[in-house]
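Structure record follows, encoded as structure tokens.
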Amino acid sequence: MNKKPLNILQLYPQDMNIYGDHGNTLVISQRAKWHGYTPNLLTYNPGDIFPDTVDIIVGGGGQDSGQDKIQEDLLSIKERLSTLADNGTPMLMICGLYQLFGKFFKTQDGHIIQGIEILDIETHAGTERLIGNITTHSSQFGDIIGYENHSGQTFLGSSVRPLATIIKGAGNNGQDDTEGAVYKNVIGSYIHGSLLPKNPAIADFLIEQAAIAKFGEFTPTVIDDRFAELAREHALKRPR
Ligand code: GLN
């Protein structure tokens, strides 16, 4: 049986997958099943052939060294990813790959890791790590809750909008109260945890966009989210 297949691609799981960011792929996969689709999980690592058909793309965080390692390969698939993003393919990029979907990440020692400029953002390493539990609010997704750990401070340009505003924590840069960035259906965020188990509304958004693009419609199933709700309640009570 291969009913309504959705191809979900995880970018660079070998080098860009910290704090369980792969959990995001698992949540999308499971919820896609509950909504009546057949998820096909694909991975792409440096040197791989980029798949022909991709419906959702997911990427995680990584150390500066991991970002260095994938930089050249990422630049080699820049055109492909940009076209997909411009055409509305839903994508979720966390932390390290969020930064590299922007213009660049300038590290603490001053070297530039080039990004692919899908997101109009730039990131400069600060002297202090921005680390701890984070709560934000988005008009589209409600409260978005999780954990952040990054030295990069990200500043948004005019062709993206923030994903959320900060309630507790640092988010993009610890200065302007914004978290994450959105361009079309591409979402970038600093939030690990992983993000989607506690914030399933974002997973459903990605699935909905993919389903509409591929099958012309999306009829959601009502999912019993009591465990996600419980996790959200507990996470909200944590100290910074
Ligand atoms: N290396 C980047 C930074 O420190 C990204 C970190 C991450 O992905 N958690 O800003």
Side-chain angles (χ1 to χ4, degrees), residues 1-13 16-17 20-45 48-61 74 77-95 97-98 100-101 116 118-119 138-142 144 146 159-161 163-164 180-189 191-225 228:
M1 189 188 85
N2 202 11
K3 195 171 67 139
K4 295 199 276 184
L6 284 180
N7 292 339
I8 304 162
L9 176 69
Q10 181 156 16
L11 284 182
Y12 306 115
M16 302 299 289
N17 175 27
D21 285 340
H22 177 60
N24 292 328
T25 309
L26 299 180
V27 170
I28 294 169
S29 170
Q30 183 58 55
R31 293 184 81 87
K33 270 189 218 162
W34 284 333
H35 288 304
Y37 302 92
T38 304
N40 296 324
L41 295 189
L42 310 170
T43 55
Y44 177 87
N45 287 298
D48 286 351
I49 293 170
F50 198 88
D52 284 337
T53 314
V54 183
D55 302 304
I56 302 177
I57 304 181
V58 188
L74 180 62
I77 56 171
K78 173 181 172 168
E79 294 312 320
R80 197 67 208 282
L81 289 169
S82 301
T83 305
L84 288 167
D86 289 342
N87 291 340
T89 301
M91 306 187 192
L92 175 67
M93 296 299 139
I94 304 296
C95 206
L97 272 171
Y98 166 41
L100 297 190
F101 264 53
I116 54 172
I118 288 174
L119 296 172
S138 138
S139 52
Q140 189 176 0
F141 299 115
I144 306 175
S159 37
V160 286
R161 60 187 163 87
L163 171 64
V182 180
Y183 165 71
K184 295 204 171 186
N185 293 324
V186 179
I187 297 176
S189 171
I191 304 184
H192 301 281
S194 32
L195 174 72
L196 296 182
K198 284 196 286 296
N199 302 283
I202 301 176
D204 286 351
F205 167 80
L206 298 167
I207 296 164
E208 176 177 11
Q209 296 309 313
I212 290 171
K214 194 162 194 178
F215 308 111
E217 64 109 32
F218 175 67
T219 311
T221 303
V222 178
I223 294 173
D224 176 357
D225 270 331

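- Side chain of Asn17 to backbone of Gly60: no donor-acceptor contact under 3.5 angstrom is found.
- Qualifying salt bridge (charged side-chain N to carboxylate O under 4.0 Å, His left out) partners for Lys78, counting only residues two or more places apart in sequence or in other chains: Glu117.
- Residues meeting the ring pair (Phe, Tyr, Trp, His ring centres under 6.0 Å) test with His22, sequence neighbours left out: none.
- Remark: side-chain polar atoms of Ser189 are not paired, donor with acceptor, to backbone N or O of Gly180 under 3.5 angstrom.
- At a threshold of 4.5 Å between non-hydrogen side-chain atoms, the residues Thr43 and Thr25 do not count as touching.
- When all heavy atoms of Ala228 and Pro197 are compared, the closest pair comes out as CB-O, 3.5 Å.
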Solution key, residues 203-213 side-chain donor-acceptor pairs under 3.5 Å, sequence neighbours excluded:
from, atom 1, to, atom 2, distance (Å)
Asp204, OD1, Arg31, NE, 2.8
Asp204, OD1, His35, NE2, 3.1
Asp204, OD2, Arg31, NH2, 3.1

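- Side-chain contact check for Phe50 versus Leu9: some heavy-atom pair is nearer than 4.5 Å.
- The salt bridge (charged side-chain N to carboxylate O under 4.0 Å, His left out) search around Asp52 returns none, not counting sequence neighbours.
- With sequence neighbours left out, the ring pair (Phe, Tyr, Trp, His ring centres under 6.0 Å) criterion links Tyr37 to Phe215.
- In this structure, Ser139 has no side chain to side chain donor-acceptor pair (under 3.5 Å) partners at least two apart in sequence or on a different chain.
- Side chain of Thr221 to main chain of Trp34: a donor-acceptor pair is present (N/O by atom type, distance under 3.5 Å, no hydrogens or angles).
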